[in-house]
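First up is the structure itself, then whatever we jot down about it.
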Amino acid sequence: MAYELHEEGAAERCASAVKKSGRLAVALIGVAVGVILLLIGNHAVGEKGKDESAMPADEQRTLSMEEYREALEERMAFICSQVAGVGEVSVIVSLEGGYEYVYAYDEKYTASGQSTSYIIIGSGSEESLVYLTERVPTITGIGVVCTGGRDAGVKREVTSLLSAAFGVGANKIYVTERG
């Protein structure tokens, strides 16, 4: 009888070892797939970076601003088209300034005044500022041309919608009838 118990314990240990090795194999396969994806992703980003770095910085910023403006116009046109009474719609957006990059800084207050310095990481040629975020350009005006834009109720709804959704004052939104 003791022999059988010993055999059952061995079988349980063997089954447990097989389960653990199966989980280990799955984990190793997952790690391998992750490494391959990282390598492929780094290669793709590296290629993208090479293409963009060939352009002057001003052109890169202009393209980004244009793409941002177009994306805003598309989103605004879509949301306006959902308003009752609005038919075909076109939107134009005016932007002020450009992208603003925000970096970490340290402020020190002493009896003689205040001093501000950017936080830098790395050393030598590897020094870089600590990047926090990027602020998009400010929307200074929105023009909407749509079917139904002559109706006062439609104008009010579209103006209120764009004002609330994009944080633009109603006085900077103009809605008119499509001709």
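These values consider heavy atoms only, across backbone and side chains, with no hydrogens, waters or symmetry-generated copies.
- To the nearest 0.5 Å, the span separating NZ on Lys108 from OG1 on Thr110 amounts to 10.0 Å.
- Rounded to the nearest 0.5 Å, atoms NZ (Lys155) and SG (Cys146) are 9.0 Å apart.
- Across every non-hydrogen atom of Val145 and Arg178, the tightest pair is O-NH1, 3.4 Å.
- Contact check for Tyr99 versus Val136: side-chain heavy atoms found under the 4.5 Å cut-off.
- In this structure, Ala84 and Val154 approach most closely via the heavy-atom pair O-CG2, 3.9 Å.
- No donor-acceptor pair closer than 3.5 Å links the side chain of Glu134 to the backbone N or O of Tyr101.
- At a threshold of 4.5 Å between non-hydrogen side-chain atoms, the residues Met76 and Val168 do not count as touching.
- Here the straight-line distance linking atom CG of Leu95 with atom CD1 of Ile139 works out to 6.5 Å at 0.5 Å rounding.
- Here the side chains of Ser117 and Tyr105 are not in contact, with every heavy-atom distance at 4.5 Å or above.
- Proximity of a side-chain donor or acceptor of Ser160 to a complementary backbone N or O of Arg156 within less than 3.5 Å is detected.
- Interatomic distance, Ile142 CD1 to Glu73 CD, rounded to the nearest 0.5 Å: 10.0 Å.
- A side-chain contact (heavy atoms from CB on, under 4.5 Å) with Phe166 is found for one member of Val93, Leu72, Ile173 and no other, namely Leu72.
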